[in-house]
Structures are given as C-alpha cells and as structure tokens.
Amino acid sequence: MKELAAKYSAKDVEDKWYAYWLAHKFFHSEPNEKQPYTIVIPPPNVTGILHMGHVLNNTLNDVLIRKARMDGKNACWVPGTDHASIATESKVVAKLKAQGIRKEDIGREEFLKHAWEWKEEHGGIILQQLKKLGCSCDWDRTRFTMEPALSDAVINTFVYFYKKGWIYKGVRMVNWDPEALTAVSDDEVIHKDTKSHFYHLKYFISDGNGNPTDKYLVIATTRPETIMADAAICVNPKDERHFWLKGKKVLIPLINREIPVIEDEYVEMDFGTGCLKVTPAHDVHDYEIGLRHNLPVLEIIDDHGKLNEKAQILVGEDRFVARKKIVKMLEESGNLLKVEDYTSPVGYSERTDAVIEPKLSAQWFLKMESLAATALETVLSGRTNFIPEKYINTYRHWMENARDWCISRQLWWGQRIPAYYLPDGKFVVAATAEEALQEARAINPNIKAEDLKQDEDVLDTWFSSWLWPISVFDPEKPGHPDHQPNKDLAYYYPTNDLVTGPDIIFFWVARMIMAGEEFMGKEPFSNVYFTGIVRDKIGRKMSKTLGNSPNPLDLIDTYGADAVRIGMLLCSSAGNDIFYDEAQIKQGAAFCNKIWNSYRLVKGFQVDAAVAQSPAAKLAIEWFAAKLSDTLALVEDHYSKFRISDALMTIYKLFWDDYCSWYLEAIKPAFGQPVDPETYNKTLEYFEALLKLIHPVMPFITEELWQDLAERKEGETIMYAPTPKAEAFDPAVLENFSLAAEAVNGVRSVRNQKNIAPKEQLHLLIKGSSFPCIPVIEKMAGVNVELVGEFGDAQGVGFMVRTQEMFVKMDGLVNVAEEIEKAQKELEYQQKFLQGVRAKLANENFVAHAPAAVIENERKKEADSLSKIESLEAKLKSLKK
RNA sequence: GGGCGGUUAGCUCAGUUGGUUCAGAGCAUCUGCCUUACAAGCAGAGGGUCACUGGUUCGAAUCCAGUACCGCCCACCA
C-alpha cells in the first residue's frame, strides 16, 4: 500500500485519470446488442467559453450518462458545437472593426475566411474545458453544425420543405435589428417596458387644396419621427366624437402632405385620443391596416435606423436623434399640444439589445402549422416528457399560436440559402448550383451558370440545430425522408434524455421535436430536463458586465472538478433557478476529503486471521448491508424522477453519516489493534459499493480510490463497474440498530450536558430484560450496559428511548433539583399529549370515519404515552425521596 | 393585458394519494472537543403560527375560494 496524504489533492489525480479514460476509449460507443442510452449535447457556441450554466448542464448530462453506463447500457454522449450565426459573426465583425476593416469592404468570401480563422482559433476551446470537468463525451463523434456534412443536411432540408410547399418567400413586416443589420425571428425579440413619452400632435384639416384650415384633430404617438411616413389617420367607425372627420383630409405637420382619414375597428376608442396615425412601413399593425385600406407604404427609415431622403426632413439623422429634433420642430410649428410620460413595451434584439425596428422586407419563411400541431401532440401524448411538467403549459401555448418561422438572416456566417435567381427575377431552389442551373434551364434554356445569382442570405442557426439529434448520427437523413437510416441513427435514435435551459424551449427543443417527427416519424428524446438559470447568491443573473460570474476553470483548479460538480448539483432542483454560492463547492471539497480519509482509515487496518470478530462489528456489518440496500432503492427512485440533487444528498448522507460516523466507528479496532479478516473484507466491499454509487457524480476521486482498492489490470475502470443492486433485507435489522443509535445519542447528550469526556467509561442501566445491539451501544457510547429490573438508589441521569427507560450512573455529578425539573417538564408535555390523543379517540366522528390503521395508531400513542407517564412519575417519586 | 408557477428554519429546498411524535434535510449559527482517518473534522444543541383570510373535513403544510407579494412565459393599445 502506498502512503496516502492526509488531504485529498484533486490536482494530482484528475488529469491522470482523464488521460487514462481517453487512452482506453472508455467514452466511445459503437452500436452493439446492448440497450442504447443516448444524449446529444446542447451544442455550445463554437467560440464560446465555459460559464457556470454550462457547468450545471454538462454536469447533469455527465451524471446521467455515467449512471447509464454503469447500469449496463451502451451509453453514448455526442458532443459538438454550434456555429451560432449572429453571435459569431458579430464577434468577427468587432474584431475586424478594431483593425479598421468593415465587412462590406472586404466582401463575403474574404469575410468568411476571417470567420473560419476565428473559428479555428477559438472553436473548440469550450470542449477542452468540458474535459476538465470530467465530461465523458464520445469525442470521436464530435460534430459542428457548419461542418460540410451537416451543412448539406441543412440545405437538403430547405430544399425538401420548399418542394413540399412549406417554405415560401414573402414580403413581411419583420423584426429588424439595425445594429446586426439582419432580421431576427419573433422569439429573438425581448419586450421590455420602456419609459418614453406620449406626444399629442395636432394635424390640421386640409381645405382640399393642401392648405390648412383652423380645424384640427389630435393624435397621440410615441414615435413622432415617423409622421412623415404616415399614410392615413384612422378612427373607429363607431366613435361619435370623430364623425365630423368622415371623408376629410388632413395635413402631416411640417411637411404638409395630405393624407385621408379612414375608419377601422382596430382603433380603440378609449385609448389615446381615439385617432391613430397609420404608418404602414414602420408598424406591424399599421401595415395590416394599410393592407385592408390599400394605403401606400412609404419607408423613411433605412437599415441602419436612420431617416432617408423620403423623410424630406431630418434626412440622415438616427431615429432617436430625429425624435428629439422633430419634437422641437413640432413645438415651434405649434403642432405639439402636450407631452405625457408613458411606459410601453418596446422590442429589443436579444443579441445586440438594439431597439427592434419593424421593417418591411423580403424574407424566407417556414410554415409552422402542421409541424407545430404534430410536435404539440408529441408532448401532450407523453411520448416526450418535460421535467418539471409545468413547462408543458408554456409549450402548448406557444405551439397553438406558432407563427411562420422567419428563417432567413442577412448575415454571411451560416448556410447560404439555396435559392438561385434568374436575370428576370424568377428563382429556383436546389441543393447545388449545378442542379439549380438544370432547373433554371427548364425555365429558360439559354441560361448559363454565371447568369444565376444565389440568394445573399443565410439560414437561421436554429434551422441547423433543430436537426442535431438526427444529423450527428446520419447527416444524409434529414432532407431525404426516404433514405434508410444508417447503422448509428437506427441504433441511437431516439435519444433518451435532453438536459437544457427553459430559455430555449421554443428556439431549440420544440423545433427538434418538429424535425424529429418530420424526418424520423419519432420524437427525438423521451425526457427533457429543464435546468434553471444560474444566479449569484443574491439572485442576479450571472453576467460579464456585473462580473459576478466566476471562471469555472479557476474553481476546478482550486477545489477540483469533483467538488465543483457536487457544488452545482447540491443546489439544483429541476426547473428552479440555481443560486450559486462558492460555499457549496467548498462543501463538495470537504466531501472529497471525507471520502479520502475514510479510505485512509480502511486501508490502514492491520488484518489478523487469529483475531475473532467483535460482536459490535458483526452487528454493524449486518446493519450496513440492510442500510445500503434500503438506500440504493431510494437513490434509484430519485434518479428515475430526475431528482439528481436528492439522489446526491441521499448518497452523501449514506457515506458520511451511516458509513463513516456509524459503521466505521462501530467496527474500528482499538488503536494499534488488528481487525479480523471478515470485517476487513466486508468493510472494503461496502467501500467499493459506495464508490460505485457516487461515481457518476464524482468521477475522479472514485476512480483514484477504486484503482487503489485492489489489484487492477490495465484497462480496468470503475466507469464500467455495475451499479450496486439492492438486496432483500429484514427491516427489523434497521429498526434495532436505530434503537441502539438513539440510546447512544442519549448517552452522548448526557455527556455533553455534564461535560464528561468521551474517553471516560460510564455505566448505562437499561430497564428491561433485553435491548438490541448492546455491543454497538457499548462501543459507540463508551459505556458498560447493564439490563436491570429497577434502577434502585443509583445516582445519575435518566433518559428515554421511545418507551424504554435508561439511566447513566454518575455518582456525585447529579443535581437532583435539576433532574426533578426536567422530569416534571417532560411529564407535563406527556400529559398534554395524552389529553390530545384521548380527545381524538373520544370523538365519535373520528372513530366512525377514520381508517382502522389510523385509529390503531392513536391507541398505540395512548398506550406509549401512558407508559411514559408512569415511568416519569416513578422517577419523580424516587428523585424526591 | 393573458397564461403558468411559487410563498415551509437565517439561506437553499424536500414534504408522494389529506392521517404514524409531521413539521424535515443540507448549509449556516451556538456549545464543548486539536480523541491516534479526517479541524475541509468529532460530539451535542437551538431555530418555523408551513404568506394571509375564509371554507370543505373527524382530521389540512397538503384540497377549494379569495387576498398580498415574488418569479417566469406570451402579447408591440398607437
């Protein structure tokens, strides 16, 4: 046996064992005859770095996958990264900007070169970081959403849906991000209540020749800078206040353009002034009103959010600058009636935090109706479970109201839309330029390859990640529903569990279900476990700007990966936000050390075949076998319900309290004394079972100790050791030991009160003819036990274990008055308790309605209480003598 | 504005179909111990009117209704 340090040092073991696992390809999985257990990683952004959210998510994933592996399943965890269109592109743009380069100047091809360089440089860092955490991903299967095969899959699915008639190009009002210069989907817009102003503006009625009369109407708007794009003023047809406006025309302030007054029920009579300025180009609802009334669409804000020449005034000004300036101008011109403070929801871009500009533009859409209906059914039917269930409601609401998905993005980093335009503006959709040319020739036989221009836009990132559970195994399958799944896909799909955050339930989870049903005819996973958001201990989100997000690698360096994993899991229950506190990681480190030191004790035992097994050891061995089986069942139950932190806490207590504090102390030989072989072997056996049980949570320390526990051959690992199985046991064994433990606690309590050192041997009298596990009590409490009929005149302190009277003999140390007071108090409590029980039993309604078992129990309480009262009274009598 | 979830010890949370002495766990706190595996430890102790108000019931932390507060999702009444 090698010497073990007094403290566990994670640094000395973690890298060593990770390298060992890799060298032996323990993480690698190939289809075989065993039952598969599959997880696909929620692919982190390719240029991202590990944050606490990743730590939580991937720790959970790793616990599940390691558990499944030890349960005998063929476990496969597929890792990879996401190209993250907007996030990556904006990072590259920023980097180039710092060098004074604008992407427009260098062009698409050159820009993509830079982007790939960036990806090569930063891509995959996060995967290396996951290794530090101990994640047992099948690295041979690492995928990237923009690698050629997966990009082909994306293009093929686009073509597939286009041919199916579900993808269309349309001019729609989209959410325009003026900073990223791209449209974003509805889900990427975050509405925040924003303080602004409500400007009441006078629009003078025209005399018919474009000249103002002295009559006017008043509109209220939050966006005065858009008045130049007004196409009409709209009132509710039922609004009597505005009947006089019928058929009138009004003049837009400052520019005096004439616009009609129209009527539409959309206008709320009791909101604002009841007059709405209709600006079809810059408001979603106004656009719809414009369609109904055939109004012209005049766009005055450009892609960058600046006013263009069509605005006539304030040309070139940013929309927010223009707002301030135009208010002043309106005030000077006498059109500004009043300004109110107003708070209203404003849409912001999730990625850039820019205020979203509703903008009319040509975009590609995927019809959601059928996909959403199917995917809703997948969850409602329970083929895919959500943990916690509350997210089903959220999911249902979204699916029932899903709008067509805007899948085009005005970016370069991503899969380019496979639409090819002919010179006349017609287009064809095909997977390759060659196929496109053929199709184009069907329209116009004279078309040459160079006449075709491919669409400039790329596809939304989620349009590739929704294929992830399929494409990581067989990229040929999506887009080709007739294609026979390859061996991997046939074996690993559907995957089992998905662990992810609720923030991407629609972006990703819902859409993976759609793609799974569409291309495989089967749900992509059976369970979705939603984690919470990791917050700091006072509840703030982790963020770079707040600086409250620790670097996980520093934590791993300081405390070890096992400690970090424990720390995260301790405070995580499904669906609840996580309040991260470094104290929890310290607790994890303390647990590592506890395990380490218990091993030091066990390995330090001297074994001597000539030594007889002590009665206490025999009892403890019998008890721990039962305790272990009992706990194993509990742990399995927790895992089956995804109560991972409960499972961890259950094992934690089994190891620390039951094994270390009770079992080891009970079997531990006196200092310098050897232990008998049977006890030694059982102790090692239990220790090994505990290591296996906790291995999914703490992979490194368990491997280290397991390897040292016995002679191991190269290539052996705890990773594939089977999970310990519960065995049948006699519940009386547990009950008896816990009675003994209560007696021990009673004695210890007395020691504490009376300030008696643990070493000092005491006498414990137990009234009665028998009591279980007496040798354990003697060993653990440091007493000699004597069963007696009566305590007689002995001096000391008494206590009770349930209905059993006990008495610690102590000459001279007893304060009789104190003892009397204690007994008196206890007596009063018991009498009150008895009263309550008897009142219940005297209640005819209770006796008539309650189940027999409950009544029986009340009777037992009554009897127990009576017996306690009897002995307390006797005790008082003898004390008072 | 609509929907969903929550409120239990100082903190983070359990509490399964209402019924065992059910009011719990971990951490934190307090007291005593450097006892020969471990002071990242050992032993002991204190701490809650289960948000509030009503109701159902023999019996409510648990079921129902209302109130208050917190959180999340959806939704651009300009």
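Keep in mind that the numbers below use all heavy atoms, side chains included, and drop hydrogens, waters and symmetry copies. Residue numbers begin at 1 in each chain, while the letters A, B, ... track the order of the sequences. Predicted model only: the values in this text are computed from it and were never measured.
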Please list, for nucleotides 23-27 of chain B, all pairs of protein and nucleotide N/O atoms separated by less than 3.5 Å.
{"residue": "B:rA25", "atom": "O2'", "partner": "A:Lys653", "partner atom": "NZ", "Å": "3.0"}
{"residue": "B:rG26", "atom": "O2'", "partner": "A:Gln587", "partner atom": "NE2", "Å": "2.9"}

- Nearest-nucleotide 5' precedence on RNA chain B, A:Lys7 against A:Tyr829: A:Tyr829

- Below 4.0 Å: OP1/OP2 of B:rC73 and any side-chain N or O of A:Tyr395: no

- Which is true for A:His849 with a 4.0 Å heavy-atom rule: it touches a base, it touches only sugar-phosphate, or it touches nothing? base

- Task: Could you tell me the separation between the OH atom of A:Tyr348 and the C1' atom of B:rC76, rounded to a whole number of Å?
- Result: 12 Å

Set out, line by line, the N/O atom pairs under 3.5 Å between protein and nucleotides 31-37 of chain B.
{"residue": "B:rA37", "atom": "O2'", "partner": "A:Asn597", "partner atom": "OD1", "Å": "2.7"}
{"residue": "B:rA37", "atom": "O2'", "partner": "A:Arg600", "partner atom": "NH1", "Å": "2.9"}
{"residue": "B:rA37", "atom": "N6", "partner": "A:Glu665", "partner atom": "OE2", "Å": "2.9"}
{"residue": "B:rA37", "atom": "N3", "partner": "A:Asn597", "partner atom": "O", "Å": "2.9"}
{"residue": "B:rA37", "atom": "N3", "partner": "A:Ser598", "partner atom": "N", "Å": "3.3"}

- Item | Mate of B:rU56 where both pairing distances stay under 3.5 Å, Watson-Crick or G-U | none

- What does A:Asn393 touch in the nucleic acid at a heavy-atom separation under 4.0 angstrom: a base, only the sugar-phosphate, or nothing? sugar-phosphate

- What is the distance, rounded to the nearest whole Å, between atom NE2 of A:His638 and atom C1' of B:rU16? 11 Å

- Message: Check this one for me: any side-chain N or O of A:Asn843 less than 4.0 Å away from OP1 or OP2 of B:rG59?
- Response: no

- With a 4.0 Å cut-off on heavy atoms, is A:Asp864 in touch with a base, just the backbone sugar-phosphate, or nothing at all? nothing

- Could you tell me the separation between the NZ atom of A:Lys860 and the P atom of B:rU20, rounded to a whole number of Å? 14 Å

